[in-house]
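Working notes, beginning with the structure itself.
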Amino acid sequence: MPPKANQASPQDVPVIFQRYRTELQNLAQKIGEIESEMEEHALVLSTLRPLTTSDPSRTCYRLIGGTLVKRSVVDVVPSLETNFAGIKEVLDGLVKSYKSREVEFEKWRDEVGVQVSWRRDRALNTEIDNRMTGLFGGNDH
């Protein structure tokens, strides 16, 4: 956590500012990666779930620790559902973390009196908003 606004020297302000920005960008990138992984799991589950009733013994292959393992649909679907739920939990935690860091950053900017150029701040917010829209817009995960 950066020092309080009144404790930071003027020379430290750009460093602290950049640290916040980098952290927020890294979190947004990680959120995008986890979201992609979650979408892959959702696609596989949507393909395999109907087979649990129509052809439960059908062979499917699963990559476990770099090894391709032969299993049946009925064996794979429950573990995929568990993984999907775990990924969703991680994603929710990252989104909460992102939002709290963003609030902390804005509070720090207000305390220090940092004003960001309109274009640069808007570009970052657009990138982040696009990632958040992908998370919450129209996709039921």
Side-chain angles (χ1 to χ4, degrees), residues 1-56 58-141:
M1 182 170 187
K4 296 287 183 195
N6 54 6
Q7 296 173 343
S9 70
Q11 294 83 9
D12 292 337
V13 170
V15 173
I16 295 168
F17 179 85
Q18 191 58 40
R19 196 175 308 143
Y20 269 120
R21 293 288 289 257
T22 301
E23 186 176 347
L24 286 173
Q25 288 172 338
N26 289 341
L27 279 170
Q29 180 179 358
K30 192 64 176 171
I31 287 169
E33 292 169 8
I34 299 292
E35 181 186 29
S36 293
E37 190 172 330
M38 194 167 125
E39 287 173 357
E40 288 174 14
H41 274 70
L43 178 63
V44 172
L45 280 169
S46 70
T47 303
L48 292 180
R49 276 188 184 131
L51 295 174
T52 58
T53 55
S54 65
D55 192 4
R58 182 172 178 166
T59 300
C60 63
Y61 294 89
R62 182 164 182 225
L63 191 62
I64 301 175
T67 305
L68 202 55
V69 179
K70 185 177 180 178
R71 298 273 170 93
S72 68
V73 169
V74 99
D75 294 333
V76 170
V77 170
S79 60
L80 282 175
E81 288 172 338
T82 301
N83 288 352
F84 182 81
I87 292 169
K88 183 165 178 27
E89 235 176 83
V90 168
L91 183 62
D92 291 344
L94 283 172
V95 169
K96 285 179 187 174
S97 177
Y98 178 88
K99 288 179 180 180
S100 70
R101 287 302 278 175
E102 184 178 42
V103 166
E104 183 181 320
F105 180 41
E106 289 173 7
K107 182 180 175 188
W108 177 82
R109 280 182 22 193
D110 290 343
E111 288 175 2
V112 175
V114 173
Q115 294 180 353
V116 180
S117 100
W118 177 81
R119 288 182 186 157
R120 193 167 184 200
D121 197 43
R122 183 174 177 139
L124 175 65
N125 287 338
T126 300
E127 174 189 344
I128 292 166
D129 287 345
N130 288 342
R131 291 193 188 276
M132 294 300 157
T133 300
L135 285 175
F136 301 112
N139 294 337
D140 290 336
H141 295 298

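Throughout, numbering of the chain's residues begins at 1 and tracks the sequence.
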### Query
Would you call E33-K30 a salt bridge at under 4.0 Å N-O?
yes

### Task
Can you measure from CG (L27) to OG1 (T22) and round to the nearest 0.5 angstrom?
11.0 Å

### Summary
Of all heavy-atom pairs linking V13 and W108, the shortest is O-CH2, 3.5 Å

## Note on the structure
Between P56 and S54 the two heavy atoms that sit nearest each other are CD-C, 3.8 Å

### Message
Quick check for you: to the nearest 0.5 Å, what is the distance between N26 atom CG and Y98 atom OH?
### Response
11.0 Å

### Task
Would you please name every residue forming a side chain to side chain donor-acceptor pair (under 3.5 Å) with S100, sequence neighbours left out?
none

## Note on the structure
Residue set satisfying side chain to side chain contact (heavy atoms under 4.5 Å, CB included) with V73, at least two apart, ordered chain then number -> L48, L51, T52, R58, C60, V77

### With sequence neighbours excluded, residues passing side chain to side chain donor-acceptor pair (under 3.5 Å) with S79
R62

### Message
So, taking the atom named CD1 in I31 and the one named CD in Q29, what distance separates them when rounded to the nearest 0.5 Å?
### Response
11.0 Å

#### Entry: For E37, all residues meeting side chain to side chain contact (heavy atoms under 4.5 Å, CB included), sequence neighbours excluded
H41, I87

### Task
Not counting sequence neighbours, which residues clear salt bridge (charged side-chain N to carboxylate O under 4.0 Å, His left out) with E23? List them please.
R101

### Query
What distance separates I16 CD1 from Q11 CD, expressed to the nearest 0.5 Å?
11.0 Å

#### Entry: Pair listing, salt bridge (charged side-chain N to carboxylate O under 4.0 Å, His left out) test, anchored in residues 73-87, at least two apart
R49-E81

### Message
Main chain of G93, side chain of S97: is a donor-acceptor contact present, judged purely on distance under 3.5 Å?
### Response
no

